[in-house]
K.L.:
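Mind having a look at this structure? Questions to follow.
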Amino acid sequence: MSLIPSNSGGVTEQPIFSTRAHVFQIDPNTKKNWVPTSKHAVTVSYFYDSTRNVYRIISLDGSKAIINSTITPNMTFTKTSQKFGQWADSRANTVYGLGFSSEHHLSKFAEKFQEFKEAARLAKEKSQEKMELTSTPSQESAGGDIQSPLTPESINGTDDERATPEVTQNSEPRAEPTQNALPFTHSSTISKHWEAELATLKGNNAKLTAALLESTANVKQWKQQLAAYQEEAERLHKRVTELECVSSQANAVHTHKTELNQTIQELESTLKKKEEEIERLKQEIDNARELQAQRDSLTQKLQEVEIRNKDLEGQLSDLEQRLEKSQNEQEAFRNNLKTLLEILDGKIFELTELRDNLAKLIECS
(Lines give C-alpha, C1' and ligand atoms only; values in the text may rest on other atoms or scores of the structure.)
Protein backbone atom coordinates (compact mmCIF):
# COMPACT_ATOMS: atom_id res chain seq x y z
CA MET A 1 0.00 0.00 0.00
CA SER A 2 1.36 3.44 -0.92
CA LEU A 3 2.03 5.93 1.86
CA ILE A 4 2.50 9.71 1.91
CA PRO A 5 5.42 10.99 4.01
CA SER A 6 4.85 13.90 6.34
CA ASN A 7 6.96 17.07 6.34
CA SER A 8 8.90 15.79 9.31
CA GLY A 9 10.07 12.73 7.41
CA GLY A 10 7.74 10.16 9.00
CA VAL A 11 5.06 8.20 7.16
CA THR A 12 1.69 9.37 8.50
CA GLU A 13 -0.79 9.35 5.59
CA GLN A 14 -2.08 6.31 3.71
CA PRO A 15 -4.86 5.68 1.16
CA ILE A 16 -7.92 3.93 2.59
CA PHE A 17 -10.17 3.94 -0.49
CA SER A 18 -9.50 4.57 -4.18
CA THR A 19 -11.62 4.78 -7.32
CA ARG A 20 -11.37 6.30 -10.80
CA ALA A 21 -13.34 9.28 -12.11
CA HIS A 22 -13.19 12.31 -14.39
CA VAL A 23 -12.40 15.43 -12.35
CA PHE A 24 -14.05 18.85 -12.80
CA GLN A 25 -13.94 22.22 -11.05
CA ILE A 26 -16.48 25.02 -11.12
CA ASP A 27 -15.57 27.94 -13.37
CA PRO A 28 -14.22 30.64 -10.98
CA ASN A 29 -15.57 33.39 -13.24
CA THR A 30 -19.12 32.26 -13.92
CA LYS A 31 -19.57 29.99 -10.88
CA LYS A 32 -21.91 27.98 -13.09
CA ASN A 33 -20.07 26.02 -15.79
CA TRP A 34 -17.86 22.98 -15.13
CA VAL A 35 -14.25 23.01 -16.29
CA PRO A 36 -12.54 19.58 -16.74
CA THR A 37 -9.20 19.35 -14.93
CA SER A 38 -8.30 15.88 -16.24
CA LYS A 39 -8.24 14.72 -19.87
CA HIS A 40 -9.15 11.18 -18.83
CA ALA A 41 -10.24 9.23 -15.77
CA VAL A 42 -7.72 9.46 -12.91
CA THR A 43 -7.36 7.84 -9.51
CA VAL A 44 -9.24 9.63 -6.71
CA SER A 45 -8.32 8.47 -3.20
CA TYR A 46 -9.32 9.05 0.40
CA PHE A 47 -6.29 9.48 2.67
CA TYR A 48 -6.09 9.37 6.47
CA ASP A 49 -3.43 11.30 8.39
CA SER A 50 -3.00 9.50 11.70
CA THR A 51 -0.82 12.28 13.15
CA ARG A 52 -3.30 15.13 12.60
CA ASN A 53 -6.32 12.80 12.62
CA VAL A 54 -7.77 14.26 9.37
CA TYR A 55 -9.20 12.80 6.18
CA ARG A 56 -8.37 14.16 2.72
CA ILE A 57 -9.49 13.57 -0.87
CA ILE A 58 -6.47 13.62 -3.20
CA SER A 59 -6.03 13.06 -6.94
CA LEU A 60 -3.06 13.56 -9.24
CA ASP A 61 -2.96 13.97 -13.02
CA GLY A 62 0.65 13.04 -13.72
CA SER A 63 2.65 15.09 -11.22
CA LYS A 64 -0.03 17.79 -10.80
CA ALA A 65 -2.39 17.67 -7.80
CA ILE A 66 -5.85 18.43 -9.20
CA ILE A 67 -7.70 17.61 -5.95
CA ASN A 68 -6.36 18.22 -2.43
CA SER A 69 -9.41 18.66 -0.22
CA THR A 70 -9.54 18.17 3.54
CA ILE A 71 -12.88 16.72 4.68
CA THR A 72 -14.64 18.81 7.34
CA PRO A 73 -17.88 18.10 9.26
CA ASN A 74 -19.79 20.85 7.42
CA MET A 75 -19.04 19.49 3.93
CA THR A 76 -21.80 17.83 1.89
CA PHE A 77 -21.42 15.52 -1.11
CA THR A 78 -24.36 15.95 -3.51
CA LYS A 79 -25.41 13.58 -6.29
CA THR A 80 -26.55 15.71 -9.23
CA SER A 81 -27.14 12.80 -11.64
CA GLN A 82 -26.76 9.03 -11.81
CA LYS A 83 -23.02 9.27 -12.47
CA PHE A 84 -22.02 12.74 -11.26
CA GLY A 85 -21.48 14.21 -7.80
CA GLN A 86 -19.98 17.37 -6.30
CA TRP A 87 -18.87 19.01 -3.04
CA ALA A 88 -17.76 22.50 -2.04
CA ASP A 89 -14.39 23.17 -0.39
CA SER A 90 -14.36 26.54 1.40
CA ARG A 91 -10.63 26.35 2.06
CA ALA A 92 -9.82 25.92 -1.63
CA ASN A 93 -12.65 28.36 -2.52
CA THR A 94 -13.96 26.03 -5.24
CA VAL A 95 -16.45 23.28 -6.00
CA TYR A 96 -15.17 19.88 -7.13
CA GLY A 97 -17.13 17.56 -9.44
CA LEU A 98 -16.54 13.87 -10.21
CA GLY A 99 -17.93 11.94 -13.18
CA PHE A 100 -17.99 8.16 -12.61
CA SER A 101 -18.37 5.28 -15.05
CA SER A 102 -21.41 3.85 -13.24
CA GLU A 103 -23.96 4.67 -10.56
CA HIS A 104 -22.43 1.98 -8.32
CA HIS A 105 -19.06 3.76 -8.18
CA LEU A 106 -20.79 7.08 -7.42
CA SER A 107 -22.81 5.53 -4.58
CA LYS A 108 -19.71 3.87 -3.12
CA PHE A 109 -17.78 7.16 -3.18
CA ALA A 110 -20.72 9.00 -1.56
CA GLU A 111 -20.95 6.37 1.19
CA LYS A 112 -17.24 6.72 1.95
CA PHE A 113 -17.57 10.52 1.94
CA GLN A 114 -20.37 10.36 4.53
CA GLU A 115 -18.42 7.81 6.58
CA PHE A 116 -15.21 9.87 6.70
CA LYS A 117 -17.17 13.09 7.24
CA GLU A 118 -18.72 11.53 10.36
CA ALA A 119 -15.28 10.32 11.45
CA ALA A 120 -13.92 13.86 10.99
CA ARG A 121 -16.80 15.23 13.10
CA LEU A 122 -16.09 12.76 15.91
CA ALA A 123 -12.36 13.52 15.75
CA LYS A 124 -13.09 17.26 15.98
CA GLU A 125 -15.37 16.77 18.98
CA LYS A 126 -12.77 14.64 20.74
CA SER A 127 -10.10 17.25 20.00
CA GLN A 128 -12.30 20.02 21.41
CA GLU A 129 -13.03 17.97 24.54
CA LYS A 130 -9.31 17.34 24.99
CA MET A 131 -8.57 21.05 24.60
CA GLU A 132 -11.21 21.95 27.15
CA LEU A 133 -9.82 19.44 29.64
CA THR A 134 -6.18 20.39 29.24
CA SER A 135 -6.82 24.13 28.61
CA THR A 136 -3.63 24.20 26.57
CA PRO A 137 -3.32 25.47 23.00
CA SER A 138 -3.11 22.69 20.44
CA GLN A 139 0.02 22.57 18.36
CA GLU A 140 -1.94 21.02 15.54
CA SER A 141 -4.14 24.10 15.10
CA ALA A 142 -1.13 26.08 13.92
CA GLY A 143 -0.15 23.44 11.40
CA GLY A 144 -3.59 22.08 10.56
CA ASP A 145 -3.58 23.54 7.12
CA ILE A 146 -0.05 22.34 6.26
CA GLN A 147 -0.53 19.29 4.13
CA SER A 148 1.96 16.57 3.30
CA PRO A 149 3.92 16.63 0.02
CA LEU A 150 2.51 14.37 -2.67
CA THR A 151 4.07 12.17 -5.30
CA PRO A 152 2.39 10.48 -8.26
CA GLU A 153 3.42 7.08 -6.88
CA SER A 154 1.84 7.76 -3.49
CA ILE A 155 -1.53 8.68 -5.00
CA ASN A 156 -1.85 6.30 -7.94
CA GLY A 157 0.06 3.48 -6.20
CA THR A 158 2.50 0.99 -7.70
CA ASP A 159 1.94 -0.78 -11.01
CA ASP A 160 0.25 -3.67 -9.21
CA GLU A 161 -2.05 -1.35 -7.27
CA ARG A 162 -2.99 0.64 -10.35
CA ALA A 163 -4.23 -2.58 -11.94
CA THR A 164 -6.65 -3.36 -9.08
CA PRO A 165 -9.44 -0.73 -9.46
CA GLU A 166 -12.69 -2.14 -10.72
CA VAL A 167 -12.76 0.08 -13.83
CA THR A 168 -9.74 0.69 -16.04
CA GLN A 169 -8.82 4.00 -17.56
CA ASN A 170 -9.45 3.05 -21.18
CA SER A 171 -12.73 1.25 -20.60
CA GLU A 172 -14.51 3.95 -18.67
CA PRO A 173 -17.24 5.86 -20.43
CA ARG A 174 -16.88 9.50 -19.47
CA ALA A 175 -19.80 10.77 -17.35
CA GLU A 176 -20.32 14.42 -18.17
CA PRO A 177 -21.91 16.85 -15.67
CA THR A 178 -25.56 17.54 -16.26
CA GLN A 179 -25.61 21.15 -15.02
CA ASN A 180 -25.50 23.89 -17.69
CA ALA A 181 -25.26 21.29 -20.46
CA LEU A 182 -25.35 22.50 -24.04
CA PRO A 183 -28.60 22.02 -26.01
CA PHE A 184 -27.23 19.22 -28.17
CA THR A 185 -25.11 17.33 -25.62
CA HIS A 186 -27.58 14.44 -25.44
CA SER A 187 -27.80 14.06 -29.21
CA SER A 188 -24.02 14.26 -29.58
CA THR A 189 -23.59 11.56 -26.92
CA ILE A 190 -26.05 9.32 -28.75
CA SER A 191 -24.26 9.94 -32.05
CA LYS A 192 -20.87 9.05 -30.55
CA HIS A 193 -22.36 5.93 -28.99
CA TRP A 194 -23.87 4.76 -32.28
CA GLU A 195 -20.65 5.59 -34.15
CA ALA A 196 -18.66 3.45 -31.72
CA GLU A 197 -21.20 0.63 -32.06
CA LEU A 198 -21.06 0.95 -35.85
CA ALA A 199 -17.25 0.82 -35.88
CA THR A 200 -17.30 -2.31 -33.71
CA LEU A 201 -19.87 -3.97 -35.94
CA LYS A 202 -17.87 -3.05 -39.05
CA GLY A 203 -14.80 -4.73 -37.54
CA ASN A 204 -16.81 -7.81 -36.57
CA ASN A 205 -18.43 -7.87 -39.99
CA ALA A 206 -15.03 -7.80 -41.72
CA LYS A 207 -13.80 -10.68 -39.54
CA LEU A 208 -16.98 -12.67 -40.12
CA THR A 209 -16.82 -12.02 -43.87
CA ALA A 210 -13.26 -13.35 -43.98
CA ALA A 211 -14.31 -16.34 -41.88
CA LEU A 212 -17.31 -16.85 -44.16
CA LEU A 213 -15.14 -16.92 -47.28
CA GLU A 214 -12.72 -19.30 -45.61
CA SER A 215 -15.59 -21.47 -44.39
CA THR A 216 -17.13 -21.55 -47.88
CA ALA A 217 -13.84 -22.73 -49.33
CA ASN A 218 -13.52 -25.34 -46.57
CA VAL A 219 -17.09 -26.53 -47.20
CA LYS A 220 -16.31 -27.07 -50.88
CA GLN A 221 -13.12 -28.93 -49.99
CA TRP A 222 -14.94 -31.04 -47.40
CA LYS A 223 -17.69 -31.86 -49.90
CA GLN A 224 -15.03 -33.07 -52.33
CA GLN A 225 -13.41 -35.12 -49.55
CA LEU A 226 -16.84 -36.47 -48.59
CA ALA A 227 -17.49 -37.61 -52.17
CA ALA A 228 -14.04 -39.21 -52.30
CA TYR A 229 -14.70 -40.98 -48.97
CA GLN A 230 -18.05 -42.24 -50.26
CA GLU A 231 -16.43 -43.54 -53.43
CA GLU A 232 -13.70 -45.15 -51.35
CA ALA A 233 -16.32 -46.74 -49.09
CA GLU A 234 -18.25 -48.11 -52.06
CA ARG A 235 -15.03 -49.44 -53.57
CA LEU A 236 -14.11 -51.08 -50.29
CA HIS A 237 -17.57 -52.62 -49.97
CA LYS A 238 -17.23 -54.04 -53.49
CA ARG A 239 -13.72 -55.23 -52.65
CA VAL A 240 -15.03 -57.01 -49.57
CA THR A 241 -17.75 -58.70 -51.60
CA GLU A 242 -15.23 -59.81 -54.25
CA LEU A 243 -12.88 -61.12 -51.59
CA GLU A 244 -15.67 -63.08 -49.89
CA CYS A 245 -16.63 -64.65 -53.23
CA VAL A 246 -13.16 -65.31 -54.64
CA SER A 247 -10.94 -66.06 -51.67
CA SER A 248 -10.89 -69.54 -50.31
CA GLN A 249 -8.95 -68.54 -47.32
CA ALA A 250 -11.70 -67.69 -44.84
CA ASN A 251 -9.42 -66.53 -42.07
CA ALA A 252 -7.50 -64.14 -44.29
CA VAL A 253 -10.70 -62.81 -45.79
CA HIS A 254 -12.22 -62.36 -42.34
CA THR A 255 -9.16 -60.48 -41.12
CA HIS A 256 -9.09 -58.30 -44.22
CA LYS A 257 -12.82 -57.68 -43.89
CA THR A 258 -12.41 -56.61 -40.28
CA GLU A 259 -9.69 -54.15 -41.29
CA LEU A 260 -11.87 -52.80 -44.07
CA ASN A 261 -14.82 -52.43 -41.71
CA GLN A 262 -12.64 -50.53 -39.27
CA THR A 263 -11.49 -48.28 -42.09
CA ILE A 264 -15.10 -47.72 -43.11
CA GLN A 265 -16.06 -46.88 -39.51
CA GLU A 266 -13.20 -44.42 -39.30
CA LEU A 267 -14.28 -42.82 -42.57
CA GLU A 268 -17.88 -42.64 -41.37
CA SER A 269 -16.73 -41.04 -38.10
CA THR A 270 -14.65 -38.52 -40.04
CA LEU A 271 -17.63 -37.87 -42.32
CA LYS A 272 -19.88 -37.26 -39.29
CA LYS A 273 -17.39 -34.76 -37.84
CA LYS A 274 -17.21 -32.93 -41.16
CA GLU A 275 -21.01 -32.74 -41.32
CA GLU A 276 -21.09 -31.28 -37.77
CA GLU A 277 -18.45 -28.75 -38.80
CA ILE A 278 -20.54 -27.81 -41.83
CA GLU A 279 -23.58 -27.23 -39.58
CA ARG A 280 -21.50 -25.07 -37.26
CA LEU A 281 -20.27 -23.01 -40.19
CA LYS A 282 -23.82 -22.58 -41.44
CA GLN A 283 -24.82 -21.29 -38.01
CA GLU A 284 -21.91 -18.82 -38.07
CA ILE A 285 -23.06 -17.63 -41.49
CA ASP A 286 -26.56 -17.02 -40.11
CA ASN A 287 -25.05 -15.08 -37.19
CA ALA A 288 -23.01 -13.01 -39.63
CA ARG A 289 -26.19 -12.14 -41.53
CA GLU A 290 -27.89 -11.10 -38.28
CA LEU A 291 -24.94 -8.86 -37.41
CA GLN A 292 -25.14 -7.35 -40.89
CA ALA A 293 -28.81 -6.58 -40.32
CA GLN A 294 -27.99 -5.00 -36.93
CA ARG A 295 -25.28 -2.90 -38.55
CA ASP A 296 -27.71 -1.66 -41.20
CA SER A 297 -30.23 -0.81 -38.47
CA LEU A 298 -27.62 1.11 -36.46
CA THR A 299 -26.51 2.96 -39.59
CA GLN A 300 -30.09 4.03 -40.25
CA LYS A 301 -30.52 5.17 -36.63
CA LEU A 302 -27.27 7.14 -36.82
CA GLN A 303 -28.47 8.86 -39.98
CA GLU A 304 -31.77 9.73 -38.29
CA VAL A 305 -29.90 11.20 -35.31
CA GLU A 306 -27.69 13.27 -37.64
CA ILE A 307 -30.77 14.56 -39.49
CA ARG A 308 -32.40 15.49 -36.16
CA ASN A 309 -29.22 17.30 -35.08
CA LYS A 310 -29.25 19.30 -38.30
CA ASP A 311 -32.92 20.18 -37.79
CA LEU A 312 -32.23 21.31 -34.22
CA GLU A 313 -29.27 23.39 -35.40
CA GLY A 314 -31.48 25.01 -38.03
CA GLN A 315 -34.16 25.77 -35.44
CA LEU A 316 -31.55 27.29 -33.12
CA SER A 317 -30.18 29.47 -35.91
CA ASP A 318 -33.69 30.61 -36.80
CA LEU A 319 -34.45 31.46 -33.17
CA GLU A 320 -31.20 33.44 -32.90
CA GLN A 321 -32.10 35.42 -36.04
CA ARG A 322 -35.58 36.12 -34.68
CA LEU A 323 -34.14 37.23 -31.36
CA GLU A 324 -31.69 39.56 -33.09
CA LYS A 325 -34.46 40.99 -35.27
CA SER A 326 -36.69 41.50 -32.23
CA GLN A 327 -33.87 43.27 -30.40
CA ASN A 328 -33.28 45.56 -33.40
CA GLU A 329 -36.99 46.38 -33.61
CA GLN A 330 -37.11 47.16 -29.87
CA GLU A 331 -34.07 49.41 -30.21
CA ALA A 332 -35.68 51.26 -33.13
CA PHE A 333 -38.91 51.60 -31.14
CA ARG A 334 -36.98 53.05 -28.19
CA ASN A 335 -35.24 55.55 -30.47
CA ASN A 336 -38.57 56.61 -32.03
CA LEU A 337 -40.16 56.93 -28.60
CA LYS A 338 -37.22 59.00 -27.38
CA THR A 339 -37.59 61.30 -30.43
CA LEU A 340 -41.32 61.69 -29.81
CA LEU A 341 -40.68 62.52 -26.16
CA GLU A 342 -38.20 65.21 -27.18
CA ILE A 343 -40.70 66.69 -29.65
CA LEU A 344 -43.43 66.52 -27.01
CA ASP A 345 -41.19 68.32 -24.50
CA GLY A 346 -40.57 71.03 -27.08
CA LYS A 347 -44.28 71.42 -27.78
CA ILE A 348 -45.09 71.58 -24.07
CA PHE A 349 -42.42 74.24 -23.61
CA GLU A 350 -43.86 76.25 -26.52
CA LEU A 351 -47.40 75.96 -25.05
CA THR A 352 -46.09 77.10 -21.69
CA GLU A 353 -44.52 80.18 -23.26
CA LEU A 354 -47.70 80.84 -25.21
CA ARG A 355 -49.78 80.63 -22.01
CA ASP A 356 -47.44 83.00 -20.24
CA ASN A 357 -47.62 85.47 -23.12
CA LEU A 358 -51.43 85.28 -23.17
CA ALA A 359 -51.52 85.86 -19.44
CA LYS A 360 -49.32 88.93 -19.81
CA LEU A 361 -51.54 90.29 -22.59
CA ILE A 362 -54.62 89.77 -20.48
CA GLU A 363 -53.00 91.59 -17.59
CA CYS A 364 -51.92 94.48 -19.81
CA SER A 365 -55.37 94.87 -21.32
Side-chain angles (χ1 to χ4, degrees), residues 2 4 6-7 12-81 83-100 105-128 138 140-152 154-156 174-180:
S2 300
I4 292 182
S6 66
N7 292 336
T12 64
E13 199 161 12
Q14 60 185 6
I16 51 181
F17 177 79
S18 296
T19 186
R20 297 185 69 83
H22 295 272
V23 181
F24 300 84
Q25 281 191 15
I26 203 71
D27 190 339
N29 297 322
T30 63
K31 298 295 183 181
K32 293 181 179 180
N33 300 325
W34 288 107
V35 178
T37 56
S38 63
K39 296 180 180 179
H40 47 73
V42 295
T43 300
V44 181
S45 303
Y46 286 97
F47 280 80
Y48 174 65
D49 189 339
S50 58
T51 301
R52 297 188 295 119
N53 199 19
V54 296
Y55 295 85
R56 287 198 290 162
I57 302 173
I58 300 175
S59 178
L60 291 182
D61 188 5
S63 60
K64 178 183 178 182
I66 55 179
I67 297 180
N68 190 358
S69 177
T70 301
I71 299 177
T72 60
N74 60 346
M75 282 186 176
T76 301
F77 184 84
T78 305
K79 298 180 182 178
T80 58
S81 69
K83 299 181 181 180
F84 193 85
Q86 65 184 48
W87 78 96
D89 189 341
S90 58
R91 292 186 178 183
N93 193 23
T94 187
V95 179
Y96 293 104
L98 296 178
F100 295 87
H105 292 91
L106 171 60
S107 299
K108 190 68 175 178
F109 187 91
E111 291 174 3
K112 292 294 181 181
F113 190 99
Q114 186 63 28
E115 176 185 343
F116 299 143
K117 171 186 171 182
E118 182 66 19
R121 184 185 65 81
L122 295 175
K124 184 177 180 181
E125 291 178 356
K126 289 181 180 179
S127 177
Q128 290 176 350
S138 174
E140 291 181 357
S141 62
D145 293 333
I146 300 176
Q147 297 175 342
S148 304
L150 305 177
T151 62
S154 66
I155 301 303
N156 295 327
R174 180 165 181 165
E176 296 292 340
T178 57
Q179 294 181 345
N180 303 292

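All values derive from a computational prediction rather than experimental measurement. Side-chain atoms are counted along with the backbone in the values below, which use heavy atoms only and exclude waters and symmetry mates.
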K.L.:
Would you name the heavy atoms of Gly85 and Phe77 that are closest together and state the gap between them?
P.N.:
CA-CZ, 3.7 Å
K.L.:
Could you tell me whether the side chain of Ile16 reaches within less than 4.5 Å of the side chain of Tyr55, counting heavy atoms only?
P.N.:
yes
K.L.:
Write down the atom of Ala65, the atom of Leu60, and the distance for their closest heavy-atom approach.
P.N.:
CA-CD2, 3.1 Å
K.L.:
Under the 3.5 angstrom rule, does the side chain of Thr78 hit a backbone N or O of Thr80 as a donor-acceptor pair?
P.N.:
no
K.L.:
Any chance you could measure Ile26, atom CD1, to Lys31, atom NZ, to the nearest 0.5 Å?
P.N.:
8.0 Å
K.L.:
Could I get the full list of salt bridge (Lys or Arg N to Asp or Glu O under 4.0 Å) partners for Glu118, not counting sequence neighbours?
P.N.:
Arg121
K.L.:
Walk me through whether Asn68 and Arg56 qualify under side chain to side chain contact (heavy atoms under 4.5 Å, CB included).
P.N.:
CA-CA 7 Å; Asn68 190 358; Arg56 287 198 290 162; 2.7 Å; yes
K.L.:
Kindly say whether the aromatic ring centers of Tyr46 and Phe109 come within a distance under 6.0 Å.
P.N.:
yes
K.L.:
Salt-bridged, Lys64 to Asp61, with N to O below 4.0 Å?
P.N.:
no
K.L.:
Answer yes or no: is there a side-chain heavy-atom contact under 4.5 Å between Ser69 and Trp87?
P.N.:
yes
K.L.:
To the nearest 0.5 Å, how far apart are CG in Asp49 and OG1 in Thr70?
P.N.:
9.0 Å
K.L.:
Closest approach of Asn53 and Ala123, non-hydrogen atoms and distance?
P.N.:
ND2-CB, 3.1 Å
K.L.:
With side chains defined as the heavy atoms from C-beta onward, is the minimum distance between Leu98 and His22 less than 4.5 Å?
P.N.:
no
K.L.:
To the nearest 0.5 Å, what is the distance between CD1 on Ile67 and CG on Asp89?
P.N.:
10.0 Å
K.L.:
Answer yes or no: is there a donor N or O on one side and an acceptor on the other, between the side chain of Ser90 and the main chain of Asn93, under 3.5 Å?
P.N.:
no
K.L.:
Closest approach of Thr19 and Phe100, non-hydrogen atoms and distance?
P.N.:
CG2-CE2, 3.8 Å
K.L.:
State, with a plain yes or no, whether a side-chain heavy atom of Ile66 is found less than 4.5 Å away from one of Ser38.
P.N.:
yes
K.L.:
Where is the tightest heavy-atom contact between Lys117 and Met75, given as atom of each residue plus distance?
P.N.:
NZ-O, 2.7 Å
K.L.:
Centroid-to-centroid, Trp34 to Tyr96, below 6.0 Å?
P.N.:
no
K.L.:
Nearest 0.5 Å, what's the CD-CD distance between Gln25 and Gln86?
P.N.:
12.5 Å
K.L.:
For Ser18 versus Ser45, what's the shortest heavy-atom pair and its separation?
P.N.:
OG-OG, 2.8 Å
K.L.:
With a 4.5 Å limit on heavy-atom distance, are the side chains of Phe47 and Ile57 in contact?
P.N.:
no
K.L.:
Do Arg20 and Val44 have side chains that get closer than 4.5 Å, going by heavy atoms?
P.N.:
no
K.L.:
Side chains of Ser107 and Lys79: does their closest heavy-atom pair fall under 4.5 Å?
P.N.:
yes
